[in-house]
**Q** 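Structure below; questions to follow.
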Amino acid sequence: MDGLIPFNRPHVPAAAQALVAECLASGHHSGDGPFTRAATQKLRGHVGGGGVLLTTSCTHALEMAALLLDVGPGDEVIMPSFAFVSAANAFVLRGATVVFVDCRPDTFNLDERLLEDAITPRTKAVVLIHYGGVACAMDVIGDIAARHGIAIVEDNAHGLGATSDGRPLGSFGALATQSFHETKNVQCGEGGALVVNDPALLERAEILREKGTNRTQFARGEVDKYRWLDVGSSYLPGDLLAALLCAQLDAFDDIQARRGAIWSTYDTELSAWRRDHGVPAQHVPADVAHPSHLYSLLLPDRADRDRFIRHMADAGITSPFHYVPLHDAPGARGRSRVAPSGCAVTNDVSARLARLPLFPDLGATGVERVLEAVVGFVPRRPHD
Ligand SMILES: *Cc1c(COP(=O)(O)O)cnc(C)c1O
């Protein structure tokens with residue numbers, strides 16, 4: 001790859017043009033058409049077979065999760081501070097208070113050892129982000145949530161196709177959310193899905209998604225008219241986007257193989273450099289399979305990380321930082337609090353993390369250029 005290497009470039013499978021053309025010609029462009037049904041079926045296979053509802057974004061799926069769990073003022077929702085803003089905003093929009101818990105220094109996921117101490121009688125749910133699609137400690141978290149009667153919501157935007165102990169991510173929570181934003185492994189520009197694993201929530205989820213009506217049941221011929229039943233909004237994407245998503249899901253194995261090859265090459269070829277300079281990559285526990293969504297490195301300190309990003313930019317390579325902590329962001333004020341254990345690891349990880357370009361069409365020469373640039377960087381801060 002010549003010229004600038006971006007962090008991400010959306011992959012367009014060969015079949016995409018034909019499927020979008022087919023949708024254009026079909027006369028069905030609004031939501032819940034044939035391509036939405038096809039994409040939904042394909043998705044179910046990747047997330048464990050629960051109910052799947054396509055949405056306009058992962059953000060909207062998270063908003064639906066907050067509505068479905070009836071979270072409101074006085075309720076608390078626990079989540080990591082090292083996370084995407086939508087996880088917090090979805091619950092803040094309902095008037096709930098977010099309680100931020102620190103992340104682990106190795107996987108960058110919510111630290112399960114700190115979870116139980118953050119629970120109060122007001123805790124209604126815990127939102128998990130499987131960072132880079134590397135699963136959170138689901139056995140420990142599942143036990144704690146069950147013991148306290150707290151719902152689990154998986155923000156699985158990174159983790160489509162990943163497993164923990166052989167079980168798909170997106171199948172652990174009462175609810176899980178997926179993203180098909182351009183930057184994700186499977187993408188249609190903007191899009192998402194809500195995975196409903198608690199069957200008791202499925203009917204209401206369909207109603208919330210269709211403007212508070214039972215139009216979805218009507219479309220299936222289950223009722224003879226549809227009417228206003230509940231609160232709701234319009235969360236369904238048009239069928240053109242679903243056609244694009246179908247092309248992506250049909251190419252899933254190819255996309256994953258290409259990403260996996262790049263991830264493994266980075267990991268193998270950088271192991272000596274990482275050891276020599278004390279730069280760990282994200283830790284992948286033995287019982288998890290991840291979807292090669294991100295390759296992230298922890299530089300020795302913020303100054304080295306910032307120098308690393310500039311060094312990569314000088315080589316024409318975009319190697320960005322990632323989440324700025326949520327807990328002390330301006331938007332967090334008056335809407336959240338930090339769990340008693342604090343968020344020191346989140347601050348540290350956020351200051352030291354950088355990600356390498358990783359997308360299906362990076363190509364062998366692109367990978368070579370990235371590797372060459374990385375090993376040409378020498379951190380200043382000494383390590384032991
Ligand atoms: C991308 C992302 C989102 C938001 O997804 P949209 O589909 O853009 O709303 C939410 N959470 C995580 C962890 C993400 O990576």
Side-chain angles (χ1 to χ4, degrees), residues 7-11 31 36 39 43 46-47 52-67 77-93 98 100-101 103-104 107-110 125-136 152-162 169-170 172-173 175-195 209 233-238 241-242 244-245 248-249 259 282 290-296 320-327 329 331 346 349-350 353 355 358-359:
F7 172 64
N8 174 66
R9 180 172 292 162
H11 175 65
T36 297
L43 269 171
H46 293 298
V47 294
V52 171
L53 299 173
L54 286 199
T55 60
T56 29
S57 65
C58 183
T59 301
H60 280 161
L62 286 160
E63 289 180 15
M64 287 181 68
L67 280 163
V77 178
I78 295 172
M79 67 186 66
S81 171
F82 193 66
F84 190 68
V85 61
S86 293
N89 254 338
F91 294 90
V92 163
L93 270 170
V98 170
F100 289 115
V101 170
C103 65
R104 291 179 58 113
T107 60
F108 319 143
N109 286 332
L110 181 133
V126 55
V127 184
L128 303 173
I129 286 91
H130 307 292
Y131 187 75
V134 173
C136 297
I152 293 176
V153 177
E154 295 174 80
D155 175 351
N156 195 32
H158 300 178
L160 187 66
L169 300 193
F172 287 91
L175 298 162
T177 63
Q178 304 293 151
S179 175
F180 308 117
H181 183 263
E182 176 182 300
T183 50
K184 303 305 181 335
N185 287 24
V186 166
Q187 65 91 19
C188 62
E190 303 276 356
L194 179 70
V195 183
R209 177 172 170 269
S233 191
S234 186
Y235 291 122
L236 61 170
L241 286 180
L244 207 48
L245 194 57
Q248 293 265 326
L249 289 164
R259 298 188 76 101
Q282 183 187 16
H290 69 87
S292 307
H293 177 57
L294 300 174
Y295 192 85
S296 40
F321 58 91
H322 209 181
Y323 300 128
V324 177
L326 295 176
H327 67 274
T346 299
V349 166
S350 173
L353 188 138
R355 295 170 290 161
L358 177 46
F359 52 91

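The analysis underlying the following values was restricted to heavy atoms, covering all of them including side chains, and did not include hydrogens, waters or symmetry mates. As the structure is a prediction and not an experimental result, all values here were calculated from the model. In listed order, ligands and their atoms are each counted from 1.
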**Q** When only distance counts, is S86 in polar contact with ligand 1, meaning an N/O pair under 3.5 Å?
**A** no

**Q** Using heavy atoms and a 4.0 Å limit, tell me yes or no: is G191 in contact with ligand 1?
**A** yes

**Q** Tell me, please: is H60 in heavy-atom contact with ligand 1, that is, under 4.0 Å?
**A** no

**Q** Report yes if C58 has an N/O atom closer than 3.5 Å to an N/O atom of ligand 1; otherwise report no.
**A** yes

**Q** Considering all heavy atoms of both residues, which atom of R209 and which atom of L54 are nearest to each other, and what is their separation?
**A** NE-O, 2.6 Å

**Q** Applying side chain to side chain contact (heavy atoms under 4.5 Å, CB included), name anything that partners N8, two or more places apart in sequence or on another chain.
**A** P10, E182, T183, F359

**Q** When the ring planes of F82 and Y323 are compared, do they come out parallel, tilted or perpendicular, using 30° and 60° as the limits?
**A** perpendicular

**Q** Looking only at N/O atoms, are S179 and ligand 1 under 3.5 Å apart anywhere?
**A** yes

**Q** Distance from L236 atom CG to T55 atom OG1, nearest 0.5 Å?
**A** 9.5 Å

**Q** Does any N/O atom on H181 come nearer than 3.5 Å to any N/O atom on ligand 1?
**A** no

**Q** For ligand 1, which is the ligand I care about here, please tell me if E190 has any N or O atom under 3.5 Å from one of the ligand's N or O atoms.
**A** no

**Q** Y131 vs H322, test: ring-ring contact (aromatic ring centres under 6.0 Å, His included). Steps then yes/no.
**A** CA-CA 11 Å; Y131 187 75; H322 209 181; 5.4 Å; yes

